[in-house]
Amino acid sequence: QVQIVESGGGPVQPGGSLRLSCAVFGMIFSFYDMAWYRQAPGKQRELVAVINRTYGTNYADAVKGRFTISRDNAKNTVSLQMNSLKYEDAAVYYCMTGNDYWGKGTLVTVSS
C-alpha cells in the first residue's frame with residue numbers, strides 16, 4: 001500500500017522561505033515522476049513543479065526562479081524549496097506520484 005507523508009508547511013512572511021518534503025512508502029519510487037501541486041482557497045488545484053525519473057524538472061510560470069524541486073531516490077523523498085514567497089503562494093501543497101497517488105497536503109500560509 002502506497003503511503004505519502006508531506007511535511008514542512010507552516011506560516012511564513014512575504015519574502016521568506018520554506019522547504020516542503022514528501023516521503024513515499026510502498027512503491028518503487030525511482031520508477032516514477034513526482035510532482036507538487038497546490039490549491040488555494042476558492043481556486044482549482046494547480047501544478048507547481050514536476051521532476052521526472054532522470055531528474056529533469058518543469059515549473060509553473062508563477063514559481064519559476066523561486067521554487068526548486070528535487071528528489072532523493074535513496075530516501076524515497078521529493079522536496080520543494082520555496083524562496084521569495086509571495087501572498088499568492090499561500091495554499092495547501094500536495095505531493096503526487098507519477099502513478100497517481102496523492103498525499104493529504106501541507107498548509108503554507110504567507111502573512112506579515
Side-chain angles (χ1 to χ4, degrees):
Q1 185 176 353
V2 176
Q3 272 192 298
I4 299 173
V5 180
E6 298 124 328
S7 61
V12 63
Q13 292 185 338
S17 298
L18 279 178
R19 186 176 181 86
L20 306 183
S21 292
C22 169
V24 180
F25 306 92
M27 61 178 247
I28 304 175
F29 180 81
S30 62
F31 280 15
Y32 297 97
D33 298 353
M34 295 294 299
W36 285 96
Y37 282 74
R38 68 185 181 187
Q39 188 167 19
K43 294 189 176 181
Q44 289 189 329
R45 193 172 294 190
E46 62 177 358
L47 177 66
V48 175
V50 180
I51 185 165
N52 64 27
R53 294 171 53 185
T54 56
Y55 298 89
T57 58
N58 274 297
Y59 297 91
D61 287 344
V63 307
K64 278 181 184 175
R66 300 188 297 121
F67 290 12
T68 303
I69 189 170
S70 59
R71 67 189 296 160
D72 185 336
N73 287 347
K75 296 181 179 180
N76 285 15
T77 58
V78 59
S79 299
L80 186 69
Q81 177 66 43
M82 306 187 296
N83 297 329
S84 302
L85 282 159
K86 303 176 180 180
Y87 290 112
E88 52 263 41
D89 294 318
V92 178
Y93 284 73
Y94 297 91
C95 177
M96 192 202 80
T97 72
N99 51 348
D100 208 25
Y101 288 94
W102 292 82
K104 294 182 179 179
T106 185
L107 177 64
V108 173
T109 57
V110 182
S111 66
S112 54

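We're numbering straight along the sequence, starting at 1.
Separating the OH atom in Y37 from the CG atom in L47 is a distance of 4.5 Å, to the nearest 0.5 Å. A distance of 11.5 Å separates OG1 of T109 from CG of D89, quoted to the nearest 0.5 Å. Remark: I51 CD1 to S70 OG distance equals 6.0 Å, nearest 0.5 Å. Distance check, rounded to the nearest 0.5 Å: CZ of R38 to NZ of K43 gives 8.0 Å. Note that CD1 of I4 is 11.0 Å distant from CG of N76, once rounded to the nearest 0.5 Å. Taken from CG in N73 to CE in M34, the straight-line distance is 10.0 Å, to the nearest 0.5 Å.
The cluster map of Ile, Leu, Val, Met, Phe, Trp and Tyr, joined by side-chain heavy atoms under 4.5 Å apart, puts I28 and V5 in different clusters. In the hydrophobic cluster analysis, where Ile, Leu, Val, Met, Phe, Trp and Tyr join through side-chain heavy atoms closer than 4.5 angstrom, L18 is grouped apart from L107. Y55 and M96 are not part of a single hydrophobic cluster, where members link through side-chain heavy atoms under 4.5 Å apart. Residues M27 and F31 share a hydrophobic cluster, clusters being chains of Ile/Leu/Val/Met/Phe/Trp/Tyr side chains in contact below 4.5 Å.
Using a distance-only test at 3.5 Å, with no hydrogens or angles considered, a donor-acceptor pair links the side chain of R71 to the main chain of N52. Between the side chain of D33 and the main chain of R53, a donor-acceptor pair closer than 3.5 Å is present. Of the possible polar contacts, none joining the Y93 side chain to the Q39 backbone as a donor-acceptor pair under 3.5 Å is found.
When all heavy atoms of L80 and A49 are compared, the closest pair comes out as CD1-CB, 4.2 Å. The two atoms that bring V108 and L20 nearest to each other are CG2-CD2, 4.1 Å, heavy atoms only. In terms of heavy atoms, A91 sits closest to A40 at CB-N, 3.8 Å. Scanning all heavy atoms of the two residues, the minimum distance from V50 to A35 falls at CG2-CB, 4.0 Å.
For Y101, the OH atom sits in a loose shell: 12 or fewer heavy atoms of surrounding residues, nucleotides or ligands are nearer than 6.0 Å. Around atom CD of E46, more than 12 heavy atoms belonging to other residues, nucleotides or ligands sit under 6.0 Å away.
Aromatic rings from W36 and F67 are positioned such that their centres are separated by 6.0 Å or more.
In this structure, Y59 and T68 have side chains that are in contact, with non-hydrogen atoms separated by less than 4.5 Å.
Contact check on D61 versus K64 returns a salt bridge, with a Lys/Arg side-chain nitrogen under 4.0 Å from an Asp/Glu carboxylate oxygen.
For the side-chain hydrogen bond (donor to acceptor under 3.5 Å, both in side chains) condition, the pairs that include at least one residue of residues 8-31, sequence neighbours left out, are S17-N83, R19-Q81. The salt bridge (charged side-chain N to carboxylate O under 4.0 Å, His left out) analysis of residues 90-112, with sequence neighbours excluded, yields no pairs. Evaluation of the salt bridge (charged side-chain N to carboxylate O under 4.0 Å, His left out) test over residues 4-13, restricted to residues two or more places apart or in two chains, returns none. Residue pairs that meet the disulfide (SG to SG under 2.5 Å) test with at least one member in residues 19-112, sequence neighbours left out, are C22-C95.
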*Would you please test R45 and W102 for side-chain contact (heavy atoms from CB on, under 4.5 Å) and show each step?*
CA-CA 12 Å; R45 193 172 294 190; W102 292 82; 3.2 Å; yes
*side-chain contact (heavy atoms from CB on, under 4.5 Å) between I69 and V78: does it pass, once the steps are laid out?*
CA-CA 7 Å; I69 189 170; V78 59; 3.9 Å; yes
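For E88, there are no salt bridge (Lys or Arg N to Asp or Glu O under 4.0 Å) partners two or more places apart in sequence or in a different chain. Every residue two or more places apart in sequence or in another chain was checked for a ring pair (Phe, Tyr, Trp, His ring centres under 6.0 Å) with Y94, and none qualifies.
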